[in-house]
There are 2 protein chains.
Amino acid sequence: MPNIPQNLKQAGLKTTLPRIKILEILKNNEVRHVSAEDVYKLLLESGDEIGLATVYRVLTDFENSNLVIRHNFEGGRSVFELNDQPEHDHMVCTECGHVFEFRDERMNERQKNLATNAGFSIADHSLYVYGTCDGIKDRGECDMPPRRDLDIIVKK
Amino acid sequence: MPNIPQNLKQAGLKTTLPRIKILEILKNNEVRHVSAEDVYKLLLESGDEIGLATVYRVLTDFENSNLVIRHNFEGGRSVFELNDQPEHDHMVCTECGHVFEFRDERMNERQKNLATNAGFSIADHSLYVYGTCDGIKDRGECDMPPRRDLDIIVKK
DNA sequence: AGCACTTATGAGAATCATTCTCAATAAAAT
DNA sequence: ATTTTATTGAGAATGATTCTCATAAGTGCT
Ligand SMILES: [Mn+2]
Ligand SMILES: [Mn+2]
Ligand SMILES: [Zn+2]
Ligand SMILES: [Zn+2]
């Protein structure tokens with residue numbers, strides 16, 4: 001089991017209670033793509049009184065030390081996820097809010113080639129697909145909580 | 001030359017002065033990816049006193065009637081562009097702010113297949129690539145204003 | 001453990017983009 | 001021209017996020 005204080009130290013961050021608690025939440029398998037507000041509420045639920053400003057600060061610190069990745073889905077609020085998966089993209093269901101993760105190696109490659117050929121150095125990229133997960137819903141997979149593993153993997 | 005009142009009527013929008021002025025700006029070849037604030041300032045520069053709230057409203061109306069497309073690049077502000085180009089994606093230079101447009105038919109297809117196979121109905125998607133345009137800059141293409149035509153087209 | 005030094009936290013104020021409210025106005029319909 | 005209905009403008013309100021600054025907590029060193 002990964003040692004959280006260890007993780008923080010490695011990331012160059014002091015081991016403080018708020019950071020430990022928040023990293024615990026993010027490592028918890030029950031959640032995956034969470035907003036700052038979500039984290040704040042989860043903390044309250046577990047009896048930890050940590051200010052919202054602190055939650056934002058900690059998440060930003062985590063982002064800067066690459067412990068988490070920040071997403072800007074439509075809707076104006078940032079969403080964070082633990083940076084413990086290979087690079088992947090997201091499909092967001094605009095009906096039920098479920099976020100599906102997928103990975104398409106060939107698409108990544110194509111993106112890189114494209115940029116490189118154009119003389120552009122990629123620092124980052126974001127691909128979000130919005131729609132509804134009807135088909136998946138029909139198969140009873142929609143209302144399940146997001147899974148730890150990528151939902152869809154497209155092989156080369 | 002496309003008739004602006006015509007365009008508005010077709011879109012089911014009343015022909016009002018603010019709408020005409022704003023559509024004029026968007027159709028003007030000098031700008032392409034603009035924020036509401038940008039539009040507001042351009043209006044002021046040309047002596048039109050149109051409230052910022054109206055600019056936002058009009059742009060949203062335009063979006064709803066598919067006259068424009070709204071982008072949510074990183075940085076928390078929406079950017080709009082006239083919807084007069086085939087579907088395309090964007091590379092945003094985080095140094096100079098230049099936005100390059102590109103189109104990769106195969107990537108689009110792949111996205112669609114991916115989603116379809118997963119039982120997901122795509123309503124929309126956004127692919128933004130962030131980085132720096134060093135190479136392009138070297139070739140003296142970077143600080144030019146965005147062009148009307150897609151910057152980069154990748155053929156099948 | 002106790003002390004000093006540095007960094008993080010909390011609460012609330014401040015900021016920023018965007019939306020809302022509502023009275024005044026302008027466009028379309030009759 | 002008159003009525004009807006949608007739009008505008010100014011400023012207030014909102015919502016997410018950041019900032020400020022006094023207080024508290026972590027870390028290193030006696
Ligand atoms: Mn993810
Ligand atoms: Mn574009
Ligand atoms: Zn769904
Ligand atoms: Zn550049």
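Below, chains carry the letters A, B, ... as their sequence lines are ordered, and counting in each starts from 1.
Legend: residues meeting side-chain contact (heavy atoms from CB on, under 4.5 Å) with B:Lys41, ordered by chain and number and at least two apart, are B:Glu37. Residues passing the side-chain contact (heavy atoms from CB on, under 4.5 Å) test with A:Tyr56 are A:Ala36, A:Leu52, sequence neighbours excluded. Residues forming a side-chain hydrogen bond (donor to acceptor under 3.5 Å, both in side chains) with A:Asn108 (at least two apart in sequence, or on another chain): none. With sequence neighbours excluded, the residues forming a side-chain hydrogen bond (donor to acceptor under 3.5 Å, both in side chains) with A:Gln111 are A:His125, listed by chain and number. A:Ala123 pairs by the side-chain contact (heavy atoms from CB on, under 4.5 Å) definition with nothing, not counting sequence neighbours. For B:Ser126, the side-chain contact (heavy atoms from CB on, under 4.5 Å) criterion is met by A:Tyr128, A:Tyr130, B:Tyr128, not counting sequence neighbours.
In this structure, A:Arg19 contributes its side chain and A:Pro5 its backbone to no donor-acceptor pair below 3.5 Å. In this structure, A:Thr94 contributes its side chain and A:Gly131 its backbone to a donor-acceptor pair below 3.5 Å. When atom types are taken as modelled, the side chain of B:Asp48 and the backbone of B:Ile50 share no donor-acceptor pair closer than 3.5 angstrom.
The side-chain contact (heavy atoms from CB on, under 4.5 Å) test with A:Val31 singles out one residue from A:Leu42, A:Leu26, A:Asp38, and that residue is A:Leu42. Just one of B:Ile69, B:Val68, B:Asn83 meets the side-chain contact (heavy atoms from CB on, under 4.5 Å) condition when paired with B:Glu63; it is B:Val68.
The OG atom of A:Ser78 lies 9.5 Å from the CG atom of A:Leu59; values are rounded to the nearest 0.5 Å. With rounding to the nearest 0.5 Å, the separation of CD in B:Glu49 from CG in B:Leu43 is 10.0 Å.
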Each nucleotide in nucleotides 20-30 of chain D should get exactly one letter: B, S or -. Can you fill that in based on protein heavy atoms under 4.0 Å? B-----BS---
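On the nucleic acid side, DNA chain C contacts chain A at distances under 4.0 Å to non-hydrogen atoms, with the end points of that region at C:dT6 to C:dG12.
To the nearest angstrom, P of D:dT18 lies 7 Å from OH of A:Tyr56.
Taking a 4.0 Å limit (strictly below) on heavy-atom distances, residues 67-77 of chain A reaches DNA chain D at A:Gly76, A:Arg77. For DNA chain C, the neighbouring residues in residues 37-50 of chain A, judged by any heavy atom under 4.0 Å, are A:Glu49, A:Ile50.
One side chain, B:Thr54 or B:Arg57, offers a donor N or O that lies under 3.5 Å from an acceptor on the other.
Taking five base pairs at each end of the helix from C:dA1-D:dT30 to C:dT30-D:dA1, the local helix axes there meet at an angle of 30°, rounded to 10°.
Within 4.0 Å of A:Ser78, counting heavy atoms only, lie sugar-phosphate atoms of the nucleic acid but no base atom.
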Given salt bridge (charged side-chain N to carboxylate O under 4.0 Å, His left out), test B:Glu101 with B:Arg103 step by step and report yes or no. CA-CA 7 Å; B:Glu101 304 185 303; B:Arg103 180 174 167 73; over 6 Å; no
Any N/O pairs under 3.5 Å between the protein and nucleotides 12-14 of chain D? List them or say none.
none

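Between B:His88 and B:His71, the angle of the ring planes lies from 30° to 60°, which puts this pair in the tilted group. Using a 30° and 60° split on the angle between ring planes, A:Phe120 and B:Phe100 fall in the perpendicular class, above 60°.
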